[in-house]
Amino acid sequence: MSEATRTDIRTFIIDNFLFGDESQPLPDDLSLIDNDLVDSTGILELVSFIEEHFEVKIEDADIVPANLDTIGKIVAFIDRKRVH
Amino acid sequence: MSEIRLFDEGDLPAVAGLFQRRLRKQKAPASPSLQAYLKTIFLDRREADDPIASKVHVRADGRVSGFLGVLPMPMEFNGEPLRAAVCGTFMVDGHDDDPFAGARLLRDVLSGPQDLSFSETSNDISTGMWRKMRAIAPPSYCLEWLRVLRPAAFGLEMAAGRLGALRVLRPLAISVDALSGRRGEGQSWSRYRPTADKADGFSDTDASEAEFIALVPELLAPFELRPRWSSVQLEEMLVHSRRKALHGERVLRIVRARTGKAVGAFLYYGDRGRVGRVVQIMALPGLEGIVIDRLLKNAYERDMAALRGRVQPALLDAMLGRKFAFVHASSTVLHSRRPELLKTVAAGHGFFNGLAGEGWTRLIGDRFD
C-alpha cells in the first residue's frame, strides 16, 4: 500500500508543484518547504488531494511539517491515518 | 505543539503587534488605542458562545503568530436567514518557523458553522489560499474603480504619497485645474466637468445616520443574497464609521427625486484636494447612474482630486461610459458549502463590499496614535 501511496503523492507533487518537470530528483527525504515546493497555498492543495484521494480526514492539528514536509513523512502520515 | 484556538483578551498585545507589523507595515509598537479597538471590534461585539469568532494560531512555545479576525454578519438568501463570517483581518508572522500556520488558520475558520465566509480585502497570497479551499473570487466584486476629477490635484496627491511635503501645493493644483478646466467640454478620463444632465432633476443632501438606516432595507431588497442588519447593528456600524482620520471627513448623503422620494445614498471619505474613498453607493434598480452622477458632482464641489472605491456588479453598467478606470488591488473572496450561494454571487446578485465587509470599521482608514 505504501508504495502505491508514494507513487500517487510523487505524481501529485510533480504535476502540481513542478508543473510536470520530472528532471529534478525528488528523494523521499527532500524537504518540500525548504526547497520552496510547498507554501501555505500549496499545502491546502496537498491536504485536499490527500483527503479526497486517500479518503482520510485530516485535522487542522495534523497540518504541520512533521507530517507533510517530505514524501516519506506524507506516506507515513497517510499510513497512520488509515490504521486509525 | 502549535494550536488554533479562539482569540481572547490575553492575546490583544500580540495581535495588535501583528496588525501593526503585517498590515500597517509600521515598526513602532502597537498603541494601547489599537489594542482597545481590536477588543471592541472582535471581542466585545461577540455574543457569548457564538462559534463564529476570531481565531489565533499559537506556536508550540506559546507565542501568538497568526490571527484571523471574524465579524459575524446576519444575511438572507431569498428570505432565508443565514449567518456569514466576514474574515478580513488575516495575518501571520514567522513564516519560516511554521509555514503552514496561515493555511491552518484559514481552514479552521472556513470549516465553522457559518453558511458563508468572505473577505473583501484579500491579497494575492490569501486569495490563492481561499481558492484552494474552493472559494470564488468573482471579478465583478474584485475591481477597484477610480474617477479622476482634477488632474493636477490628482497628480499632486500621487506624488505626495511618496513625498508628503508636496501637499502644501494643493491650493495651487486646485487653481491650475480650475483654469485649465475652462477649456474643452465633455467628460474625459483625466477630468470631470459638471454638466447639465438628468441627475439635475434629483438632489442630494446630508443624511443623518437614522435617515440612512431607515432607507437601507429598501435599497438592499433587490439583492437575492443580502445583509439582514437590524437597525441597532447598522447604528453601531455607522458609529464606528464616523472616524477615519487617514481618509478624511465622512460624507453621508441621500439622493432624492423631485417628489422627495429617496432613490439612493452614498458614503465616502475625503478632504479638499485629496482622493476620496467611497465605501458605499446604493441605488434603486435603474437609478444607479443618477446616484453616481450626484456623487461625482458632490465630490467635485468639495474640491476633491478624485474618487476611488470598490466595484459592485449592480453599479458596473452605470460606471461604463462615465470615464471610470478599473484596477485590481485586492480581491473579494467567498466560500460556502452551499453551491447555490456561490452561484448567486457569481451571477452578481449578492450585496457585498463596503458596509457588507470591513469597510465600516476604523481598522481601514483610521489612525491609532
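Throughout, a chain's letter reflects where its sequence line sits, starting with A, and its residues are numbered from 1.
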Applying ring pair (Phe, Tyr, Trp, His ring centres under 6.0 Å), which residue pairs with at least one partner in residues 45-65 of chain B are found, sequence neighbours left out? none

Does any backbone or side-chain atom of Ile58(A) lie under 4.5 Å from a heavy atom of chain B? Answer side chain, backbone, both or neither. both

Say you draw a straight line from CG of Leu44(A) to CG of Leu106(B); how long is it, rounded to the nearest 0.5 Å? 6.5 Å

Check whether more than 12 heavy atoms from other residues, nucleotides or ligands sit under 6.0 Å from atom CD of Glu47(B), and answer yes or no. no

Between the side chain of Ser40(A) and the main-chain N/O of Ala101(B), is any donor-acceptor distance below 3.5 Å? no

Where Thr41(A) and Ile125(B) come nearest, the two heavy atoms and their spacing: OG1-O, 3.8 Å

Side chain proximity check, Ile33(A) to Phe100(B), heavy atoms < 4.5 angstrom: yes

Using a 6.0 Å cut-off, check whether atom CD of Glu22(A) has over 12 heavy atoms from anything other than its own residue. no

Ile43(A) versus Arg104(B): any side-chain heavy-atom pair under 4.5 Å? no

Let me know if Ser126(B) has heavy atoms under 4.5 Å from chain A in its side chain, its backbone, both or neither. neither

Using only non-hydrogen atoms and a strict under-4.5 angstrom cutoff, which residues of residues 127-146 of chain B touch chain A? Gly128(B), Met129(B), Lys132(B), Met133(B), Arg134(B)

Could you tell me which portion of Val47(A) (side chain, backbone, both or neither) has an atom closer than 4.5 angstrom to a non-hydrogen atom of chain B? side chain

Under 4.0 Å between a side-chain nitrogen and a carboxylate oxygen: does that hold for Arg107(B) and Glu51(A)? yes

For a 4.5 angstrom cut-off between non-hydrogen side-chain atoms, does Asp39(A) reach Pro99(B)? no

If you measure from CD on Glu59(A) to CD1 on Ile4(B), what distance do you get to the nearest 0.5 Å? 12.5 Å

